[in-house]
J.: 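Okay, handing you the structure first.
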Amino acid sequence: MADETLRTCPPEATVDPPPPPSTVEEVETPPPPQEEYPIFEPPLASVALDVQEKDTALPSPQLEVEEEKLIDAVTITQKETPLVPTLSSVASSLTEEHVTVTAAAPVSSQPLAAALAVPQESDSPKTQSKESIEPEKEYPVEKKKAPESFASFKEESNKLSDLSNSELKTLEEFKLLVQEALTNGVFTAASPSETSVTTTTPEEVSIWGIPLLKDDRSDVILLKFLRARDFKVKESFAMLTNTMKWRRDFNVDELVKEDLGDYLEKVVFMQGHDKEGHPVCYNVYGEFQNKELYAKTFSDEEKRNTFLRWRIQFLERSIRKLDFNPGGVNTIFQISDLKNSPGPGKRELRIATKQALHILQDNYPEFVAKQVFINVPWWYLAFYTMISPFLTQRTKSKFVFAGPSKTADTLFKYIAPEQVPTQYGGLSVDFCECNPEFTVDDPVTEITVKPATKQIVEIIVNEKCTLVWELRVVGWEVSYSAEYVPNSGYTVIIEKTRKLLPSDEPVISNNFNINELGKILLTINNPTAKKKKLLYRFKVVPCIG
């Protein structure tokens, strides 16, 4: 068949959870696909839900993804030909796909890494579309869903030039109230009698490290409170005033500096960024299946208070790393992993949850860019059914729901694979020394391996060097091999063909010293009736001496 050019795009909206109860409240925008349902905030998440603001119909933006691949001069092409034409009707559908990456001979002044050439695209879009449909008829695979269902919430701009006239007017009214409060010492608990009548410069008051009314970063803060209260000035001001009082009483600024230990670092942690630059926070509730950890965290009131202080501290430290300049990233992408999460029957957890939600929803407005829930159990859907009528349309529109088998595909919609931790299907190795050659700055190529298909990644090297690579197939259940074929024609087996299971190592890493020009072939054989996601990356290391 003709060559196809494979370009990286968001994976299909594929999730595979049990259907929610019929009583779940529908979102006002077009109903989400069967695979996705907005659900309620899990216990002890890092930000709160808004259950007070009015419902507003929000547009569903088109999810845009633009991703750089490997090296600028690299393009991936795919060929598809019958593996053995004489096999039976089922076996004859097994095809072979070639992905070729060429490293051409460089100009002498170029560095080694710039010596990668690109085969040109030759297929028309019609040919590609036709061939991608045929396997769908022979094998049961997920239907394509529009990306809008994954991105029904669009973050509003914090640039003054993008605000409407009414919003600008409301912001100015809000700032006048804040100015008066600063002058009268409202946010510092100083009474009017303690404040000098002749004071022309009010005491500097900060929140999340941003001084109020000092520069345009303050506008971004105030807009969060306004949006949390539907641009009602008095309600927004009351919320800000209460938040400032709570921060004084809780002594938040000093809490940030305390050492509360690191025994919960696997429960909540920050790692990587999404495709729009938001830092990603992971909440892994299954860690509380450890009875010792659970008791250490929730067994009595003192431990629960310590946990709450640790959670607030973690959130505060994360927020202070955000960019509050207009147009900057000032929200967090949240992922809540509910695999093996303690059920609603845990009394101690319910108490801690109630405390956390009250504090977070009252004092941390508009800090969620997106909420993605993975490995959601059946009881969580039932829980959502009860709480759904109290949630706003704005809150629901931020949620994405993914079943266990669709975790990786769902995350890849928003986060590049090199930024996703290995336990969730990605190749992020920031906290792993298994292959120090790669970091989150080294982009990953994604390829869909069709059912009953052999995929070959062909890396052509025209320079003596060491080629380093790593790859994984999400879910494995495929065979893998690696070999080197010099231009003279013989074959060197680098890794023998072996079947890899989900229980095997998640990522395969290897390297090969190339003293004779040729090509490396990385072969993935997918004998299953399910399409697979192949992730790989490589780099060229110059030979020493």
J.: For S218 versus P211, what's the shortest heavy-atom pair and its separation?
T.: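 Between these two residues, the closest heavy atoms are CB-O, 3.7 Å.
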J.: For ring-ring contact (aromatic ring centres under 6.0 Å, His included), just list the numbers for Y263 and W310, CA-CA rounded to whole Å, side-chain angles, deciding distance to a tenth of an Å, and then say yes or no.
T.: CA-CA 10 Å; Y263 67 98; W310 179 88; 7.3 Å; no
J.: Compare every heavy atom of F307 with every heavy atom of T297, then report the nearest pair and how far apart it is.
T.: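 For T297 and F307, the tightest heavy-atom pair comes out as CG2-CD1, 3.3 Å.
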J.: Any salt bridge linking R227 with E167? Criterion: basic side-chain nitrogen under 4.0 Å from a carboxylate oxygen.
T.: no
J.: Using a strict 4.0 Å threshold on nitrogen-to-oxygen distance, state whether R320 and D253 make a salt bridge.
T.: yes
J.: Stepwise, does the side-chain contact (heavy atoms from CB on, under 4.5 Å) test hold for L322 with T331?
T.: CA-CA 7 Å; L322 298 174; T331 52; 5.9 Å; no
J.: Got a donor-acceptor contact below 3.5 angstrom from the K398 side chain to the Q371 backbone?
T.: no
J.: For E316, run the salt bridge (charged side-chain N to carboxylate O under 4.0 Å, His left out) check against K321, R247, R311 and tell me which one passes.
T.: R247
J.: Could you tell me which residues satisfy side chain to side chain contact (heavy atoms under 4.5 Å, CB included) with T170, sequence neighbours excluded, listed by chain and number?
T.: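 So T170 forms a side chain to side chain contact (heavy atoms under 4.5 Å, CB included) with L226, F231, V233.
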J.: Determine whether the aromatic ring centres of residues Y282 and Y424 are separated by less than 6.0 angstrom.
T.: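 That pair passes the under 6.0 Å test.
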J.: Can the positive tip of K275 be found less than 6.0 Å from the middle of the six-membered ring of Y414, inside 45° of the ring normal?
T.: no
J.: For I210 and R217, work out which heavy atoms get closest and say how close.
T.: CD1-NH1, 3.5 Å
J.: Could you tell me whether D442 and K539 make a salt bridge, using a distance below 4.0 angstrom between a side-chain N and a carboxylate O?
T.: yes
J.: Check whether any side-chain heavy atom of P404 sits under 4.5 Å from a side-chain heavy atom of I374, and report yes or no.
T.: no
J.: Would the number of heavy atoms belonging to other residues, nucleotides or ligands and lying under 6.0 Å from CD of Q423 be above 12?
T.: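 It does: Q423 CD has more than 12 such atoms within range.
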J.: State plainly whether the residues E172 and K169 are in salt-bridge range, i.e. N to O under 4.0 Å.
T.: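 A salt bridge is absent here (no side-chain N lies under 4.0 Å from a carboxylate O).
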J.: Do R537 and E470 sit within salt-bridge range, that is, some charged N less than 4.0 Å from a carboxylate O?
T.: yes
J.: Can you confirm whether F333 sits close enough to V368 that some side-chain heavy atom of one is under 4.5 Å from a side-chain heavy atom of the other?
T.: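 No - every pair of side-chain heavy atoms lies 4.5 Å or more apart.
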J.: I'd like to know whether CG of D249 has more than 12 heavy-atom contacts from other residues, nucleotides or ligands below 6.0 angstrom.
T.: yes
J.: Between N283 and Q334, does the side chain to side chain donor-acceptor pair (under 3.5 Å) criterion hold? Intermediate values first, please.
T.: CA-CA 8 Å; N283 302 272; Q334 275 227 115; 3.0 Å; yes
J.: Just wondering, do D337 and F373 contact through their side chains at under 4.5 Å, heavy atoms?
T.: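 No, side chains not in contact.
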J.: Looking at K303 and D300, does any basic side-chain N land under 4.0 Å from a carboxylate oxygen?
T.: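 Looking at K303 and D300, the cut-off is met.
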J.: Check the side chains of Q271 and S428 for a donor-acceptor pair under 3.5 angstrom, ignoring hydrogens and angles.
T.: yes
J.: Could you check whether atom CD of E258 has more than 12 heavy atoms from other residues, nucleotides or ligands sitting under 6.0 Å from it?
T.: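 Result for CD/E258: enclosed.
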J.: Quick check with a 6.0 Å cut-off and a 45 degree axis cone: is K346 positioned over the face of Y294's six-membered ring?
T.: yes
J.: Check whether the side chains of N158 and K224 place a donor and an acceptor atom closer than 3.5 Å, and report yes or no.
T.: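 Result is no, nothing qualifies.
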J.: Which atoms form the tightest heavy-atom contact between I332 and P279, and what is the distance?
T.: CG2-O, 3.5 Å
J.: Looking at the rings of F298 and F288, which for Trp means the six-membered one, are their centres under 6.0 Å apart?
T.: yes
